[in-house]
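Please read the structure below before turning to the comments.
Numbers restart at 1 for each chain; the letters A, B, ... are given by sequence-line order, proteins then strands. Computed from a predicted model, the values in this text were never measured in an experiment.
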2 protein chains.
Amino acid sequence: MKHKFKPLDRAPVYVKVCNAIEEDILSGVLKEGVLLPTEAELCAQFGVTRSSVREGIRLLQQSGLVERGAAKRLVVKSPKASEIAETASRSMALGGATFGEVFETLAMLYPEAARIAARRLSDEALGALCDVRDGLRDAPPGAADEIVDYAVEFFQQLASGLDNRVMLAMLQSLNLMIGASLQLVIDQTPNAHERILNAQSEIIEALKNHDEARARAWMTKHIEDLRRGYVVAKVNLDARIL
Amino acid sequence: MKHKFKPLDRAPVYVKVCNAIEEDILSGVLKEGVLLPTEAELCAQFGVTRSSVREGIRLLQQSGLVERGAAKRLVVKSPKASEIAETASRSMALGGATFGEVFETLAMLYPEAARIAARRLSDEALGALCDVRDGLRDAPPGAADEIVDYAVEFFQQLASGLDNRVMLAMLQSLNLMIGASLQLVIDQTPNAHERILNAQSEIIEALKNHDEARARAWMTKHIEDLRRGYVVAKVNLDARIL
DNA sequence: TATATTAGGATTGTCGGACAACATATTTAT
DNA sequence: ATAAATATGTTGTCCGACAATCCTAATATA
């Protein structure tokens, strides 16, 4: 009988280093906040040189599992929703996503998010939304950048209030993708200030009364309003986001 | 008058290398598929050593912007939706997302996705869905793993058919997060086969007739059905996904 | 001539050692 | 006892070297 050999593991050492550490993090042996051994010690334990260890560390670092903490020592980190959102949105930008795609997704997600929010948003979360709204109300007229900030912050707070990290990550990545471009739009849209303010107020009111349908409807309206802004500003919806 | 100095850029060299290359990719100077210079040449151009260049490359590599291609040369790559989904779902798993969170997000997204699909799914996409359904119909009874595959594949095809990369990435990451765990559930749910099959058929029918409301309703039902499976199988919805 | 083989060169993967920069811990001086 | 100076440990960067691998081109063979 012919003996069968398993295929050899021919991955580069630095990849193996990365995997080895990652595995221990994933399996819970290394918990969040734990300090990893120094590079020298890792070399000794793995039996490889510092160059390889360091390259492996870079891989872990970029995937958000590890971080340089106090004394520059390596610390185990569990990825936060905001970081996931950031890398996801960056990747999608690089992947060539368009304004149209982002907006359609926005229009799909946020009305539902508003509906869920109407069902269970906490009082603090509602308070945070009111704060944003008030900030927007008191913003000086003509300050487009401030308006944008408040508009995005409103989405942000709503997403945070849902108390669901998966949703949060997704909604946040959308926020990041439109955030920058909203500037252009609001600059060129008359009444943007009042219309956004009005939409926010209506949404807050609906949330307060746990009126799911109304929260959903106004969020839909709000987003459609923003989208129209893009059209008015002659932003090509097929253009890639940056 | 006191002169103000800008804060010096004290980032490590390998980070700068990473940023420099990333910038050129982002700005379109380096397009997808282009071969990057060899390590030696990069050293010469940046005026740093190979160790630093290599560490920088690892960072780019893990963020999916660069890849080893033929002859092991580095090639510029633009992240695909599927990869974005993969890293996102992995990160969320590590970040401690729970079944409950994933399911709630699923229940929020997919009904809307079905509604949009009813509006504009192409005939090919519909055909692909039918193929999945037929595959499931003809699956041998009791083959839980096959049933799971078809169930996930149905979601997958629906997402692909939407022709929106942003949505696709988000829906796919959800698919990845539940995919593995569905196995457990379907193993222990009687009638799972028929119920899933029925739901798929109803959804397909609704899509064919461009009946948005019905597509949405059946998708909601379908997901709720799956969720009940988790409860029946006594999977703790607060448990972290793996 | 066309194909298979071989030799050569280019490039990456890994190693070892070295030193400066920086942060922490320890000792010394006030 | 507090502050300053020193010692120690760790990371960041450099250099040089060599084996493994892949590509290319020259060579041999049919």
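- For B:Arg73, the listed nucleotide lying nearest its side chain is C:dT11; candidates were C:dT11, C:dT14, D:dT11.
- Rounded to whole Å, atom C1' of C:dT11 lies 11 Å from atom CD1 of B:Ile57.
- By the side-chain contact (heavy atoms from CB on, under 4.5 Å) test, B:Ala40 pairs with B:Thr38, sequence neighbours left out.
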Which pairs would a plain distance check flag for residues 29-37 of chain B, meaning a side-chain donor or acceptor within less than 3.5 Å of a matching protein atom at least two apart in sequence or in another chain?
from: B:Lys31; atom 1: NZ; to: B:Gly28; atom 2: O; distance (Å): 3.2
from: B:Glu32; atom 1: OE1; to: B:Ser78; atom 2: OG; distance (Å): 2.9
from: B:Glu32; atom 1: OE2; to: B:Ser78; atom 2: N; distance (Å): 3.4

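- For B:Arg240, the salt bridge (Lys or Arg N to Asp or Glu O under 4.0 Å) test picks out no residue, with sequence neighbours left out.
- Contacts between residues 46-56 of chain A and DNA chain C, counted as heavy-atom distances below 4.0 Å, involve A:Val48, A:Thr49, A:Arg50, A:Ser51, A:Ser52.
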Extract all donor-acceptor atom pairs below 3.5 Å that involve side chains of residues 128-139 of chain B and protein atoms in other chains or at least two apart in sequence.
from: B:Arg133; atom 1: NH1; to: B:Ser201; atom 2: OG; distance (Å): 3.4
from: B:Asp134; atom 1: OD1; to: B:Arg137; atom 2: NH2; distance (Å): 2.5

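- At whole-Å resolution of the value, CG in A:Leu35 and P in C:dA23 are 16 Å apart.
- The interatomic distance linking A:Leu36 (CG) with D:dT11 (C1') rounds to 14 Å, in whole Å.
- Screening residues 17-26 of chain B for side-chain hydrogen bond (donor to acceptor under 3.5 Å, both in side chains), with sequence neighbours left out, gives A:Arg90-B:Glu22.
- Closest-nucleotide positions on DNA chain D for A:Thr38 and B:Ala11 were compared, and the one nearer the 5' end corresponds to A:Thr38.
- Counting to the nearest Å, the P atom of D:dA20 and the CZ atom of A:Arg10 are 11 Å from each other.
- Closest to the side chain of A:Arg68, out of C:dT12, D:dT10, D:dG12, is D:dG12.
- Between D:dT13 and B:Tyr14, no contact under 4.0 Å exists linking OP1 or OP2 to a side-chain N or O.
- Counting to the nearest Å, the P atom of D:dC14 and the NZ atom of B:Lys16 are 10 Å from each other.
- Heavy-atom neighbours of B:Glu83 CD from other residues, nucleotides or ligands within 6.0 Å: above the threshold of 12.
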